[in-house]
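Letters A, B, ... mirror the listed sequences (proteins, then strands); counts begin at 1.
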2 protein chains.
Amino acid sequence: MTTPDLRQELQQIQTDPRIDRLVEELIGRVADKWTMLLIEILTENECCRFGELSRACTGISQKMLTQTLRAMERDGLVTRKVYPVVPPKVEYRLTDLGLGLSKAFCGVWLWAEAHHEEIAAARAAYEARQEG
Amino acid sequence: MTTPDLRQELQQIQTDPRIDRLVEELIGRVADKWTMLLIEILTENECCRFGELSRACTGISQKMLTQTLRAMERDGLVTRKVYPVVPPKVEYRLTDLGLGLSKAFCGVWLWAEAHHEEIAAARAAYEARQEG
DNA sequence: CCGCATCCTTGTGGATACTG
DNA sequence: CAGTATCCACAAGGATGCGG
């Protein structure tokens with residue numbers, strides 16, 4: 001697995017506390033389950049309608065879907081194109097900014113795919129320890 | 001900035017829906033603000049006491065700190081070592097698993113550092129559009 | 001010093017029903 | 001089809017006080 005040392009790169013960034021706060025807030029906004037899933041989906045099929053997203057994003061409620069998409073649009077991660085036809089047609093697609101985030105998330109997905117068994121094991125071990 | 005194509009790697013993973021659900025759940029667990037911050041902090045200073053973490057992790061409440069650390073311990077991301085002394089002394093440090101996640105998060109941090117201004121701009125533009 | 005227990009407030013998110 | 005609006009349950013999360 002190819003893992004370059006992004007860590008070093010990160011270490012070298014000047015740390016202005018005010019910017020840190022902004023960045024942390026941004027992380028809080030963007031690092032949530034639905035946002036990550038939607039970005040994944042929109043990376044795989046470049047252009048999606050509301051209903052497609054709704055079906056692809058298993059378990060999400062209409063409300064959360066709308067809400068998350070709005071937030072992403074606001075943050076410039078996706079564009080929302082409305083066609084003035086009946087029945088209505090709305091298309092979502094990632095912006096370059098969103099695509100960048102998608103790439104950044106790849107590492108996390110790969111990590112999760114690679115280690116979910118280890119984590120299940122760790123949990124089992126933890127439970128076992130509690131009982132003893 | 002060095003960004004290898006992790007995307008391709010990710011694409012090639014076989015997608016068993018059952019595993020996908022596990023992975024998504026894992027993402028939901030791990031992709032939260034406090035977890036990410038604590039991992040950052042524990043990457044920078046390898047070994048931390050409770051109080052240190054409390055101070056380093058600005059804004060976190062005692063409760064959330066304990067809760068998050070427990071969850072991380074349960075998932076095998078950190079170890080918790082208790083010294084039987086008075087006053088009590090407890091040390092936390094990342095496991096190899098936790099360190100791997102730390103690396104995976106680097107990309108997201110870098111992205112956030114690099115683009116927080118763009119996002120602020122996107123938000124401003126969005127607000128402006130709403131008023132018009 | 002580390003952390004659990006309790007109370008209480010706020011917000012998150014699901015279900016349902018209704019519109020252009 | 002693509003939402004908005006409303007209601008409601010539950011859980012997240014802060015504040016405080018106590019205990020090993």
Side-chain angles (χ1 to χ4, degrees), chain A residues 21 24-38 41-42 45 47-75 77-94 126-127 129-131, chain B residues 21 24-38 41-42 45 47-75 77-94 126 129-130:
Chain A
R21 294 244 358 246
E24 285 171 26
E25 190 199 355
L26 184 53
I27 292 284
R29 170 59 266 297
V30 116
D32 96 296
K33 186 186 171 184
W34 298 133
T35 304
M36 284 191 67
L37 256 176
L38 285 174
I41 295 168
L42 282 167
N45 354 347
C47 179
C48 286
R49 300 184 55 176
F50 188 88
E52 295 179 288
L53 291 174
S54 181
R55 263 166 276 123
C57 200
T58 324
I60 198 172
S61 67
Q62 226 187 27
K63 183 183 176 179
M64 283 314 295
L65 182 53
T66 305
Q67 211 172 78
T68 308
L69 284 171
R70 279 295 180 293
M72 290 171 72
E73 190 194 355
R74 190 175 107 91
D75 290 345
L77 301 176
V78 298
T79 56
R80 175 170 179 272
K81 182 163 189 180
V82 184
Y83 294 86
V85 296
V86 283
K89 178 177 172 182
V90 181
E91 282 178 353
Y92 294 90
R93 68 177 69 212
L94 288 181
Y126 184 85
E127 307 301 344
R129 247 177 291 146
Q130 295 317 79
E131 288 165 12
Chain B
R21 295 244 355 247
E24 284 171 26
E25 191 199 354
L26 183 53
I27 292 285
R29 171 58 266 296
V30 116
D32 97 294
K33 186 186 171 186
W34 297 132
T35 304
M36 285 192 66
L37 255 177
L38 285 174
I41 294 167
L42 281 166
N45 356 346
C47 178
C48 286
R49 301 184 56 178
F50 187 88
E52 295 178 289
L53 291 173
S54 181
R55 262 165 277 124
C57 199
T58 323
I60 198 173
S61 68
Q62 228 185 27
K63 183 182 176 180
M64 285 312 297
L65 181 54
T66 304
Q67 211 172 77
T68 308
L69 284 171
R70 278 298 179 291
M72 291 171 72
E73 190 194 354
R74 190 174 106 91
D75 291 345
L77 301 177
V78 298
T79 57
R80 176 170 178 271
K81 182 163 190 180
V82 184
Y83 294 86
V85 296
V86 280
K89 177 177 173 183
V90 181
E91 282 179 353
Y92 296 89
R93 69 176 70 211
L94 288 181
Y126 184 85
R129 247 178 290 145
Q130 296 316 80

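A 4.5 Å side-chain heavy-atom check between B:Leu77 and B:Leu38 finds every atom pair outside the cut-off.
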When the side chains of residues 85-93 of chain B are checked against the rest of the protein, which donor-acceptor pairs come out under 3.5 Å, sequence neighbours left out?
residue : atom : partner : partner atom : Å
B:Glu91 : OE1  : B:Tyr83 : OH           : 3.0
B:Tyr92 : OH   : B:Arg80 : NE           : 3.2

Can I get a per-line list of side-chain donor-acceptor pairs under 3.5 Å for residues 59-75 of chain A, giving both atom names and the distance, sequence neighbours left out?
residue : atom : partner  : partner atom : Å
A:Ser61 : OG   : A:Met64  : N            : 3.3
A:Thr66 : OG1  : A:Gln62  : O            : 3.1
A:Thr68 : OG1  : A:Met64  : O            : 2.6
A:Arg74 : NH1  : B:Glu127 : OE2          : 2.4
A:Asp75 : OD1  : B:Arg123 : NE           : 2.7
A:Asp75 : OD1  : B:Arg123 : NH2          : 3.3
A:Asp75 : OD2  : A:Arg29  : NH1          : 2.5

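Nucleic acid contact for A:Tyr92: sugar-phosphate only, since backbone atoms but no base atoms lie under 4.0 Å from a heavy atom of the residue.
At its two ends the helix from C:dC1-D:dG20 to C:dG20-D:dC1 runs along axes set 50° apart, each axis drawn from five pairs and the angle rounded to 10°.
Heavy-atom distances to DNA chain D give each of A:Pro88 and A:Arg70 a nearest nucleotide, and the one nearer the 5′ end belongs to A:Pro88.
First and last contacting nucleotides of DNA chain D toward chain B (any atom under 4.0 angstrom from a heavy atom, 5' to 3' order): D:dG13 to D:dG20.
The distance from atom SG of A:Cys57 to atom NZ of A:Lys33, rounded to the nearest 0.5 Å, is 8.0 Å.
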B/S/- along nucleotides 5-19 of chain C (protein heavy atoms under 4.0 Å) is --B-----BB--B--
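Scanning both residues, B:Cys48 and B:Leu42, for their nearest heavy atoms gives CB-CD2, 3.9 Å.
Applying the 4.0 Å criterion to OP1 and OP2 of C:dC2, one finds that B:Arg80 has every side-chain N and O outside that range.
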